[in-house]
Every structure is written in structure tokens, then in C-alpha cells.
Amino acid sequence: MKPEELDQLLSRALQAPPQTGAPDDALKRQAEAALAEPVQRWSRAALVAAGASLGTGLVAALWLPAHGTQHASEAVRWGFGGALALCGCLGALALRPGPRGPALAASAFAVAALVALPFLGSGVAAPRPAFGAGCGALSLALAAAPLAVGVWALSAFAATALRGALVGLAAGAAASLALHFHCPSGDALHLGLFHAGPWALLAALGALAVRRRPRTFAP
Amino acid sequence: MQHFQAGDRAAFETLFARHVAGVRGYLARSTGSAAAAEDLTQQTFLSLVRAQDRYRPSLRFKSWLYAIATNAARDWRRRGHERVTPTGEVPEEAVDAPAPRDAGLERAVHSALAQLPDAQREAILLHRFEGLSFAEIAELAQVSESAVKVRAHRGYERLRVLLAEVYRA
């Protein structure tokens with residue numbers, strides 16, 4: 001079949017469809033009824049999401065008892081703690097409309113922190129082997145609230161899996177911030193399995209969560 | 001759109017009047033169902049109102065509006081509303097075309113379109129029927145213009161194969 005023959009076929013089959021159901025006036029009235037609703041500001045949702053992550057991380061870091069935490073140096077203790085707090089806030093960029101640049105940049109930042117985490121420990125093993133499961137469970141429990149807030153904010157538009165993963169990483173960063181000042185174990189295996197592992201799981205949960213039906217289909 | 005964002009309600013009426021027919025036509029061609037198109041057109045304009053804060057002036061309004069419609073159609077398809085058999089056929093009752101039109105041909109073309117990946121189908125429908133340029137489609141799909149051209153080209157190639165027998169008949 002030649003291209004012009006396909007074109008003719010498509011034109012015949014897909015001519016302008018007739019209107020059925022609600023006329024334009026009814027459609028317009030329904031849309032205009034929505035004008036009375038308050039405008040959903042993405043910046044406000046982003047602030048709430050960043051606040052939930054940062055607040056959870058900071059409150060938990062201050063509230064949880066420190067079990068003789070050991071870090072390679074003071075620079076790692078406060079530098080990495082600050083980086084984790086920043087990662088928690090960067091999740092808010094996932095809500096920003098527009099090109100993927102900010103989301104990709106923030107993802108790269110969060111992933112870099114995820115990869116670096118196992119190598120920043122003091123090398124000191126956990127006092128009890130069972131300590132690991134506690135860190136994993138605590139990580140998921142602490143991240144639950146910021147993840148829920150982030151997923152609620154994402155449902156305001158047709159989010160991509162990348163944006164969902166970023167929200168999950170931000171929630172994971174909040175939990176990691178608390179664990180960073182709480183957990184005494186500094187060996188790479190423990191940090192990789194029970195700190196970075198749940199973090200990666202949260203990113204996957206965030207990416208899956210965007211499959212829920214959004215409240216609007218705006219990009 | 002910027003007037004509407006600034007609170008001018010009359011601007012919404014202008015946008016609605018200018019684009020409602022095009023959006024409805026695109027959704028009807030995309031879903032093969034006039035009833036679904038009505039519902040999705042309503043959801044598209046409701047999304048426009050509710051998410052007006054997400055529109056950026058650097059973006060062409062038409063690209064943004066059709067991106068909303070495309071997301072609505074994809075969601076509709078993902079939720080299993082598209083009735084395509086395992087062999088890629090669209091059942092007779094699924095294409096709610098009026099009698100005077102060539103229902104057999106419509107069904108065959110919708111079956112063929114349903115077998116294309118979303119991105120290829122959208123590139124063809126938006127370019128061929130809605131008059132969007134490849135640049136505008138690239139903007140709404142957030143890919144390069146050349147990627148959109150490749151999608152459309154591959155979609156046309158596949159349609160040519162799928163519809164060869166229909167054309168001969």
C-alpha cells in the first residue's frame with residue numbers, strides 16, 4: 001500500500017466523529033463549576049512534601065536515642081547528615097511542572113547519596129547481629145509518613161515513575177537522616193543492606209504509587 | 001491561558017470554545033468510542049481548570065492541552081476499557097459509530113490503531129488529524145522532534161502492513 005493510499009483510508013475511517021452525549025454547554029458548565037474550587041498550587045504541595053520529609057528526619061534524629069553512634073570523622077557526621085537533609089527536601093522538585101531536568105538532577109543527587117552511604121561508615125561492626133533488622137524496620141516506619149504525603153502530592157497530576165521514585169528517595173533520606181545519628185553500626189554490609197536497602201525499596205514504592213489514578217491528568 | 005491563570009474567567013470560555021471540538025475528535029479517534037471521548041473531554045477540561053497552576057507560559061498551550069488529553073486516554077486504556085481481543089480485533093459493538101458511516105472500515109482501522117504502541121498512535125493522530133507540528137508533539141511528549149518523526153514513521157509502516165488487506169478488499 002502506498003503512503004497516499006493509507007492516507008485516504010485513514011481519512012475515510014477517522015473522519016470527524018459525531019457528537020454524542022453531553023452537549024458543549026453541559027461540558028462547559030461542569031468545567032466552570034470547578035472554577036469555584038481553590039487552585040491547587042504545586043509550590044504549596046512541594047513545601048508540604050519537603051516539610052514532611054525534613055521534619056520527620058530532624059524530629060526522629062533528635063528524638064531517637066543515639067546508641068553510641070560512630071562515624072569516620074566529624075565531617076562525615078555533620079556533612080553527610082546535612083546532605084541527607086538536603087536529599088529529603090529535593091524530593092519536592094519531583095512536583096515541579098516542566099522538563100525532566102530538575103527531577104533528573106535531584107534523582108542523580110539522591111542516587112549518589114544512596115551509593116555513597118555504605119562507604120561512609122566508620123567500619124565498626126554492629127554490637128548485636130540482630131541490630132540490622134531493627135534498622136530496616138525503623139527506616140520503613142519513619143519513611144511511611146513522608147512517603148504518604150509525597151504520594152498524595154503526586155496524585156494531583158499525571159506523574160511519571162521517575163517523579164514517584166524521587167519522592168520515595170526523599171522519604172528514604174528522611175529515615176536515613178535519623179538512622180545516621182542513631183545507629184552505632186558502621187560496617188558497609190550493614191549500611192548497604194539495612195540502610196540503603198530500604199531506601200531503594202522506598203524508591204520502588206514511590207515509582208509504583210504513580211500508577212494510582214491521578215486527581216488531574218495535567219503533566 | 002495566562003489571562004485565565006490571572007483569574008479571567010472569560011478567557012476560559014474562549015479556550016473552551018476554541019479547543020473543545022479538536023480535543024473531542026482526538027479522543028474519539030484515540031479511543032474509538034464517542035461516549036468515552038465525551039467523558040474524557042470533560043476530564044481534560046476539568047484537569048485544565050484544577051491544574052491551571054501547572055501551566056508554564058514557555059509551553060505552547062495546545063501542546064499542554066493535548067498532553068492532558070493524551071494522559072486521560074492512556075489512563076482510560078490502562079484501566080482496561082479498550083476492548084481488544086487477544087488477536088488485536090476490536091469487537092463490533094466497541095466502535096459506536098453511527099450507521100451511515102462505514103462501520104466495517106472504522107472497526108478495521110481502530111483495530112489496527114489499537115495494535116500500535118501508545119507513542120506511535122499518538123504521534124499519528126496528533127500530527128495527521130489534529131494538525132499539531134512534530135515540534136508541538138515533541139513538546140507534549142517531552143522527547144526530541146526526531147524521536148516523534150521516527151515514531152510516526154514506524155506507526156505508518158505498521159499501519160500499512162495491518163491495513164493492506166482491508167485496502168485490497
Side-chain angles (χ1 to χ4, degrees), chain A residues 1-46 95-101 103 156-160 162 210-219, chain B residues 9 12-13 16-17 20-21 24-25 28-29 34-35 37-39 41-56 58-59 64 67-72 74-75 78-79 96-98 101-102 105-106 108-110 113 124-125 128-129 140 142 156 159-161 163-164 166-167:
Chain A
M1 191 195 297
K2 294 175 186 168
E4 56 272 22
E5 292 168 341
L6 175 65
D7 198 53
Q8 283 173 10
L9 200 65
L10 291 176
S11 295
R12 275 170 50 208
L14 301 176
Q15 53 191 287
Q19 183 181 316
T20 62
D24 286 355
D25 281 350
L27 279 180
K28 192 166 74 173
R29 272 199 303 277
Q30 284 162 340
E32 281 176 339
L35 288 170
E37 300 170 12
V39 177
Q40 298 171 357
R41 304 254 173 232
W42 75 265
S43 50
R44 197 178 303 152
L95 307 176
R96 187 180 186 279
R100 292 164 294 177
F157 62 100
T160 59
L162 174 65
V210 298
R211 295 182 68 84
R212 293 168 64 239
R213 192 189 178 102
R215 281 177 278 154
T216 82
F217 292 107
Chain B
R9 287 190 175 206
F12 173 74
E13 291 195 16
F16 185 86
V20 67
R24 184 191 288 117
R29 291 182 185 104
E38 290 294 338
D39 183 40
T41 302
Q42 181 193 343
Q43 292 184 36
T44 298
F45 281 95
L46 280 175
S47 292
L48 183 153
V49 170
R50 289 180 176 146
Q52 56 184 279
D53 183 51
R54 298 191 67 77
Y55 174 73
R56 291 164 299 117
S58 60
L59 200 66
W64 190 67
I68 297 175
T70 299
N71 286 336
R74 280 190 179 194
D75 181 79
R78 193 164 57 226
R79 283 170 209 292
D96 42 7
R101 297 169 72 173
D102 189 341
L105 177 64
E106 281 197 29
V109 170
H110 279 296
L113 282 170
I124 289 173
L125 292 179
R128 170 67 181 76
F129 292 97
L140 78 85
Q142 295 197 342
Y156 280 124
L159 280 182
R160 230 170 269 152
V161 172
L163 294 172
V166 176
Y167 185 74

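Order of the sequence lines sets the chain letters (A, B, ...), proteins ahead of strands, with each chain counted from 1.
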Point to revise | Contact check, side chains of B/L59 and A/P97, non-hydrogen atoms, under 4.5 Å | key: no

Review point. Roughly how far apart are B/Q52 CD and A/T216 OG1, rounded to 0.5 Å?
Key: 11.0 Å

Check your understanding: Among B/F45, B/W64, B/Y55, which has the most heavy-atom pairs under 4.5 Å with chain A?
Key -> B/W64

**Study point:** Donor-acceptor pair, side chain of B/D53 and main chain of A/W42, under 3.5 angstrom
**Key:** yes

Point to revise | A/A218 versus B/N71, closest heavy-atom pair with distance | key: C-ND2, 4.3 Å

Practice item. To the nearest 0.5 Å, tell me how far B/R78 CZ sits from A/R213 CZ. Key: 9.5 Å

Review point. Which atoms of B/L140 come close to chain A, meaning under 4.5 Å heavy atom to heavy atom: side chain ones, backbone ones, both, or neither?
Key: neither

Check your understanding: With side chains defined as the heavy atoms from C-beta onward, is the minimum distance between B/I68 and A/P219 less than 4.5 Å?
Key -> yes

Exercise for review: Below 4.5 Å from any heavy atom of chain A, which atoms of B/F16 appear? Answer side chain, backbone, both or neither.
Suggested key: side chain

Check your understanding: Atom CG of B/D75 and atom CZ of A/R211: how far apart are they, to the nearest 0.5 Å?
Key -> 10.0 Å

Review point. Highest number of heavy-atom pairs under 4.5 Å with chain A: which of B/S58, B/S47, B/A67?
Key: B/S47

Exercise for review: Run the numbers on B/T44 and A/F217 for side-chain contact (heavy atoms from CB on, under 4.5 Å), then give the verdict.
Suggested key: CA-CA 7 Å; B/T44 298; A/F217 292 107; over 6 Å; no

Check your understanding: If you count heavy-atom pairs under 4.5 Å with chain A, which of B/R50, B/Q43, B/E13 comes out on top?
Key -> B/R50

Review point. What's the spacing between A/T160 OG1 and B/Q142 CD if we round to 0.5 Å?
Key: 8.0 Å

Point to revise | Structural part of B/R74 lying under 4.5 Å from a heavy atom of chain A | key: neither

**Study point:** Engaged part of B/Q42 at the chain A interface, taking heavy atoms whose separation is under 4.5 Å
**Key:** both

Point to revise | Structural part of B/L125 lying under 4.5 Å from a heavy atom of chain A | key: side chain

